[in-house]
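Predicted model, so just to flag it, every value in this text is computed and none were measured. Residue numbering restarts at 1 for every chain, and letters A, B, ... go by the order of the sequence lines.
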Amino acid sequence: MPELPEVETTRRGLEPHLRGQPVTRIDIRQPRLRWPVPEAIQNFRGHSLRNLKRRGKYLIFNFGEDYWLWHLGMSGSLRLLPPEAAPAAHEHVRVDFGNGPTLRYRDPRRFGALLCGSGDPLHHPLLADLGPEPLSDAFDGAWLHERCQRRSSAIKTVIMDSHVVVGVGNIYACESLFLAGINPKTRANRLSPGRAERLARSIRDVLSAAIDQGGTTLRDFTRSDGQPGYFAQRLNVYGQNGDCPRCGRGIRRIVQAQRSTFYCPGCQH
DNA sequence: ATAATAACCTGAGGGC
DNA sequence: TGCCCTCAGGTTATTA
């Protein structure tokens with residue numbers, strides 16, 4: 001479900017409510033996520049949340065010395081609900097902070113993860129080798145072009161590789177390539193510096209616009225307050241089966257690396 | 001190192 | 001209604 005804009009939307013929705021609040025209760029209703037939720041998570045009772053950060057699609061709950069890493073996987077969502085609200089189906093984790101609303105984690109497919117650690121979270125094995133943030137200065141056309149040099153696979157799968165750049169999932173990969181006018185099947189090492197520059201800019205623009213819209217709600221993504229994201233109205237190719245809004249040719253669907261790719265054969269070369 | 005594939009799960013929707 | 005198939009916003013582990 002969530003790519004970078006949805007995770008960032010979640011972070012922005014949660015942080016003002018949770019920052020500075022102590023964890024008063026942790027209820028793991030289903031520990032079997034992508035990896036088992038560590039027993040040590042219970043040790044955080046009484047700890048106060050310093051801040052809530054994001055790296056790629058990971059949320060980082062900072063508690064000073066220790067931290068949680070929370071990944072929403074394919075179908076995960078975090079919401080704030082009143083303490084008395086009954087748990088929804090597939091609500092696997094509930095965390096009470098102070099006396100305010102309670103944090104609920106719902107994840108039907110259980111591809112998400114809740115892990116904990118101490119020290120610098122950026123040194124965690126899952127984060128240590130990640131590529132740059134797409135909205136930071138570290139990510140630009142030169143970096144992208146350099147990382148494409150040794151890659152003969154399709155450009156679409158390369159921009160979805162978190163070691164190249166983080167946060168670009170299936171929707172935004174398709175949309176970025178459309179915006180840049182690049183065929184998703186193009187071999188990465190055949191992308192000119194100029195086209196890499198254009199693609200890097202498109203990725204930034206698409207992700208920024210999606211964050212501004214509160215992310216994309218296709219089926220069940222909701223912001224932490226239950227509202228949907230509105231970027232779905234701006235999708236040009238992803239999930240579309242009609243004609244291209246720019247040139248009128250039919251949008252095509254193909255499969256790359258076991259994922260659907262949508263593109264316009266008229267606009268993307 | 002890179003590339004391709006399977007694997008982890010549940011639910012929705014279409015066709016018959 | 002039920003069954004079978006395909007599809008779904010992610011990532012890692014394993015194998016060539």
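- To the nearest 0.5 angstrom, A:Tyr67 atom OH is 8.0 Å from A:Asp120 atom CG.
- Remark: the A:Arg109 side chain and the C:dA8 base include a donor-acceptor N/O pair separated by less than 3.5 Å.
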Response to the item:
For DNA chain B, the expected dot-bracket line (Watson-Crick or G-U under 3.5 Å, [ ] crossing, | inter-strand) is .|||||||.|||||||

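- Proximity of A:Ser260 to the phosphate of C:dA8: a side-chain N or O atom is located under 4.0 Å from OP1 or OP2.
- At the heavy-atom level, A:Tyr58 lies under 4.0 Å from the strands shown only through sugar-phosphate atoms.
- Without hydrogens or angle criteria, A:Glu65 side chain to A:Gly119 main chain gives no donor-acceptor distance under 3.5 Å.
- Rounded to an integer number of Å, the gap from A:Arg259 CZ to B:dA3 P is 18 Å.
- A 6.0 Å sphere centred on CZ of A:Arg25 holds more than 12 heavy atoms belonging to other residues, nucleotides or ligands.
- Side-chain nitrogen and oxygen atoms of A:His71 include at least one within less than 4.0 Å of the OP1 or OP2 phosphate oxygen of C:dT11.
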Discussion item. I'd like to know whether A:Arg55 forms a side chain to side chain contact (heavy atoms under 4.5 Å, CB included) with A:Leu122, so could you lay out the CA-CA distance, the side-chain angles of the two residues, the decisive distance to 0.1 Å, and finally the verdict.
Written reply: CA-CA 8 Å; A:Arg55 177 76 174 97; A:Leu122 298 182; 4.1 Å; yes

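- Salt bridge annotation for A:Glu175-A:Arg234: absent, with no cationic side-chain nitrogen under 4.0 angstrom from a carboxylate oxygen.
- Within residues 140-153 of chain A, no residue has any heavy atom closer than 4.0 Å to DNA chain C.
- Panel note: side chain A:Gln42, backbone A:Ile26; a donor-acceptor pair is recorded below 3.5 Å.
- Contact check for A:Leu135 versus A:Ile211: side-chain heavy atoms found under the 4.5 Å cut-off.
- Between A:Asp107 atom CG and B:dT10 atom C1' the separation is 10 Å, expressed in whole Å.
- Of the side-chain N and O atoms in A:Arg253, one or more sit less than 4.0 angstrom from OP1 or OP2 of C:dC7.
- Not one side-chain nitrogen or oxygen of A:His163 sits closer than 4.0 Å to the OP1 or OP2 atom of B:dA1.
- One P atom belongs to B:dC9, the other to C:dA13, and the distance between them is 15 Å to the nearest Å.
- Hydrophobic clustering keeps A:Tyr263 apart from A:Tyr238 (ILVMFWY residues linked when any side-chain heavy atoms are closer than 4.5 Å, directly or through intermediates).
- In this structure, A:Phe111 does not pack face-to-face on the six-membered ring of C:dT11, missing the 5.5 Å centre cutoff or the 30° plane limit.
- The base of B:dC9 does not come close enough to the side chain of A:Arg110 for any donor and acceptor atom to sit less than 3.5 Å apart.
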Practice prompt. Check the pair A:Val237 / A:Cys174 against side chain to side chain contact (heavy atoms under 4.5 Å, CB included), numbers first and verdict last.
Written response: CA-CA 7 Å; A:Val237 288; A:Cys174 294; 4.2 Å; yes

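- Counting any heavy atom pair closer than 4.0 Å across all strands shown, A:Arg34 reaches a base atom.
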